[in-house]
Number of protein chains: 2
Amino acid sequence: MSIGTVSRVLNNSDHPVHPATRERVLAAIRALDFEPNALARGLSGRRTQILGVVVHDITDDYFNEIVRGIDEVARPAGYLVLVLSSYRDPELELDYVRRMRSQHADGIIFVGGGLQVPGHVDRLRRQVEAIEAEGGAVVMLAPNDLPWPSIVPDTDAGIAELVEHLVGLGHRSFAMLTGPDHLKTSVERAAAFRSALARHGIALDPRAVVSGGFERLQAAEALERLVEQGVRFTAVVCLNDQMAVGCLQAARRLGLRVPRDLSVTGIDDLPVTELLDPPLTTVRVPMRELGRRGMELVLSRLEERPFEAPTALACELVVRGSTGRVGRGSRKGER
Amino acid sequence: MSIGTVSRVLNNSDHPVHPATRERVLAAIRALDFEPNALARGLSGRRTQILGVVVHDITDDYFNEIVRGIDEVARPAGYLVLVLSSYRDPELELDYVRRMRSQHADGIIFVGGGLQVPGHVDRLRRQVEAIEAEGGAVVMLAPNDLPWPSIVPDTDAGIAELVEHLVGLGHRSFAMLTGPDHLKTSVERAAAFRSALARHGIALDPRAVVSGGFERLQAAEALERLVEQGVRFTAVVCLNDQMAVGCLQAARRLGLRVPRDLSVTGIDDLPVTELLDPPLTTVRVPMRELGRRGMELVLSRLEERPFEAPTALACELVVRGSTGRVGRGSRKGER
DNA sequence: CGTTTTCCGGAAAGCGTTTGCCAGGACCCT
DNA sequence: AGGGTCCTGGCAAACGCTTTCCGGAAAACG
């Protein structure tokens with residue numbers, strides 16, 4: 001029996017194969033424990049069934065949740081999901097993208113916001129262009145300077161709600177802990193806060209704005225430093241949940257009771273935030289759904305099927321226990 | 001200029017190429033932004049430069065650290081490291097392994113302990129045998145029933161030291177929180193504890209042994225349940241650090257001061273454990289090194305180069321603040 | 001200057017699939 | 001019974017690269 005026939009059986013080709021023959025083929029495959037060579041398959045013009053997912057940090061639950069969402073859609077569709085963690089290193093990111101091109105990945109999803117490093121965007125664009133030219137589908141799931149289809153969480157509305165909430169509780173002086181300045185996500189969230197505050201005639205004290213990393217520890221240190229320096233604020237808004245968790249820990253160490261002495265907020269609504277003490281008030285980013293939609297967008301583009309892709313996903317405020325009315329406690333800094 | 005020549009330039013073949021020609025080729029490559037097709041490369045008998053790493057849960061820092069160690073060696077060697085997280089699902093694990101076979105990965109590293117599920121080991125063995133037969137190198141980094149080269153952390157010695165330490169502090173009644181029963185790692189660690197305790201004539205109260213997951217939350221719940229049930233113990237030993245972290249949180253919630261009222265220990269020495277309050281007494285598993293050694297073993301096997309592979313890595317006790325002398329505090333259960 | 005050696009580039013086979021094309025046989029119809 | 005249709009299955013090209021084998025040119029030698 002010929003090679004071609006086997007291939008047709010394997011791919012349920014529309015070319016008819018006699019049921020008996022098909023059965024014989026399948027039996028032989030089982031007997032020999034045969035596994036088709038994915039390389040050869042990919043080579044001969046077909047798809048590779050590989051999807052590259054470029055994230056900033058796979059340790060971070062934010063990315064992890066999104067990857068899970070992607071996987072929920074990708075796996076049933078037969079895709080192998082490769083998670084590529086750049087740890088926010090542009091070189092590494094570019095290297096991964098090249099590699100995906102080389103492997104002829106059918107699609108690439110960029111999950112983290114673009115790294116705003118001089119020259120990097122252009123080099124990345126060249127690669128992405130090449131990938132698209134070779135039939136791959138590229139999708140972005142965060143604000144990015146690359147002109148490709150993207151779905152982004154619309155945190156602005158949620159941040160506005162959050163500010164509304166805090167102001168309603170009587171807060172007027174805020175501290176803000178931001179992520180790295182070269183991260184578009186961070187920059188945009190910060191801008192959203194500033195403009196929402198501005199609508200209430202509130203301006204941020206520059207001393208109360210700390211731009212550091214997006215990580216827990218960095219936030220904890222930042223808060224401690226602010227308090228040490230005697231900067232006054234009744235609420236600290238963090239640009240992601242990880243940092244808020246760090247603030248909660250730092251606050252406890254500083255003897256500040258949350259929310260009595262200090263209100264703390266995050267953004268993302270990571271799975272852990274519900275379990276914290278107190279549970280975190282935050283802006284919910286629909287991470288799983290973001291991942292699913294992203295993958296659906298990739299699939300639709302590969303199949304050249306139209307897809308009603310939303311370009312943004314609503315993010316709503318989730319009020320929990322880490323925010324409270326101002327002025328009921330001692331002022332921060334006093335222990 | 002011919003295809004063959006280009007190939008020789010790309011691979012620094014030992015077949016001589018005139019420097020001028022080589023330069024022309026390189027220039028053309030740059031100009032056209034050419035990227036060789038990894039599929040075709042792999043197909044034509046060469047290596048694919050792909051390494052599959054099968055872990056239980058990429059969210060877990062334990063695996064993450066090991067993967068980083070692997071990466072430290074793999075990247076310089078030109079390997080693309082694919083992290084495959086089975087979430088302890090045998091089907092998924094098997095599927096990933098098949099997929100790696102299909103992709104002709106040069107090597108596979110199994111990081112988590114074997115999943116002890118009926119039939120699973122055999123199916124896995126068939127796949128691994130096939131992969132080895134096709135030239136791939138398979139390595140295990142945890143206790144496993146598969147007869148392939150492995151490097152395992154020798155936690156037994158560290159656990160013995162730990163028990164020594166606790167007994168020395170006056171502890172006689174223990175609680176033990178284990179991982180899933182079908183996980184070899186968990187079973188072995190539990191056995192090590194039992195035998196070390198037995199050497200001191202101490203037997204574990206069956207009621208004080210809870211076998212749950214390897215996760216933080218599960219451990220927290222388990223500890224709370226034990227205390228509720230009035231089970232008596234002065235120290236709780238957890239079979240990994242994640243669980244110990246959960247215990248620390250639960251203890252705080254229960255009003256138990258660590259180590260005054262209760263001593264808590266883990267195993268692994270995750271990066272976070274130093275930062276906890278109190279910092280955790282644990283058994284250090286050299287995760288980064290384990291990863292590096294594992295990858296080196298893969299490389300040596302691929303190059304058929306002899307390698308003095310240690311089969312076990314020493315794990316030593318690290319004493320920090322979560323263990324203390326018994327009897328100085330109130331008895332647990334009293335609030 | 002002829003011969004041997006060395007150096008370098010080209011031609012072609014092969015890697016394991018997919019797929020378009022073709023042909024043999026079964027079947028149907030007149 | 002003969003010719004036309006289907007239904008199947010085989011053949012072979014193509015995918016993009018590596019690598020072996022060859023041959024021509026240049027260099028070295030007597």
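Bear in mind the structure is a predicted one, so any value in this text is a computation, not a measurement. We use all heavy atoms of the structure for the numbers below, so side chains are in, but hydrogens, waters and symmetry mates are not. Chain letters run A, B, ... following the sequence lines, proteins first and then strands; every chain starts at 1.
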J.: Determine yes or no for a side-chain-to-main-chain donor-acceptor pair under 3.5 angstrom, with B:S186 supplying the side chain and B:G179 the backbone.
T.: yes
J.: Over how many whole Å does the gap from B:H18 atom NE2 to C:dG10 atom P extend?
T.: 13 Å
J.: Taking only residues two or more places apart in sequence or in another chain, which ones pass side-chain hydrogen bond (donor to acceptor under 3.5 Å, both in side chains) with A:E289?
T.: A:R293
J.: With a 4.0 Å heavy-atom cut-off, tell me which residues in residues 19-30 of chain A come close to DNA chain C, sorted by residue number.
T.: none
J.: Looking at B:L26, I want to see if its CG is surrounded by more than 12 non-hydrogen atoms of other residues, nucleotides or ligands under 6.0 Å.
T.: yes
J.: Could you encode protein contacts along nucleotides 15-26 of chain C as a string, one character per nucleotide from 5' to 3', using B for base contact, S for sugar-phosphate-only contact and - for no contact, with a heavy-atom cut-off of under 4.0 Å?
T.: BBBBBBB-----
J.: Test of understanding: with salt bridge (charged side-chain N to carboxylate O under 4.0 Å, His left out), list the residues that count as partners of A:R24, not counting sequence neighbours.
T.: none
J.: What pairs with B:R46 under salt bridge (charged side-chain N to carboxylate O under 4.0 Å, His left out), at least two apart in sequence or on another chain?
T.: none
J.: Apply salt bridge (charged side-chain N to carboxylate O under 4.0 Å, His left out) to A:E65 and list each qualifying residue two or more places apart in sequence or on a separate chain.
T.: A:R288
J.: Hey, could you give me each pair passing side chain to side chain donor-acceptor pair (under 3.5 Å) that has a residue in residues 111-121 of chain B? Not counting sequence neighbours.
T.: B:E93-B:H120
J.: With a cut-off of under 6.0 Å to the ring centre and 45° to the axis, is B:R99 in cation-pi contact with A:Y79?
T.: no
J.: Pairs under 3.5 angstrom, nitrogen or oxygen only, protein versus nucleotides 25-29 of chain D, please.
T.:
none

J.: So what is the end-to-end bend of the helix from C:dC1-D:dG30 to C:dT30-D:dA1, with 5 pairs used at each end and the value given to 10 degrees?
T.: 50°
J.: Just to verify, what does A:S150 make a side-chain hydrogen bond (donor to acceptor under 3.5 Å, both in side chains) with, not counting sequence neighbours?
T.: none
J.: Let me know the distance between CG of A:D14 and C1' of D:dC7, rounded to the nearest Å.
T.: 14 Å
J.: What pairs meet the side chain to side chain donor-acceptor pair (under 3.5 Å) rule with one or both residues in residues 122-141 of chain A, with sequence neighbours excluded?
T.: A:E91-A:R123, A:R101-A:Q127, A:R101-A:E134, A:D122-A:R125, A:E132-A:W148, A:E132-A:R301
J.: Kindly write out the residues that satisfy salt bridge (charged side-chain N to carboxylate O under 4.0 Å, His left out) with A:E303, not counting sequence neighbours, or none if the list is empty.
T.: A:R305
J.: If we ignore angles and hydrogens, is there a donor and acceptor under 3.5 Å between the side chains of A:T48 and A:D106?
T.: yes
J.: Is the NZ or CZ atom of B:R68 positioned over A:Y87's six-membered ring, under 6.0 angstrom from the centre and within 45° of the axis?
T.: yes
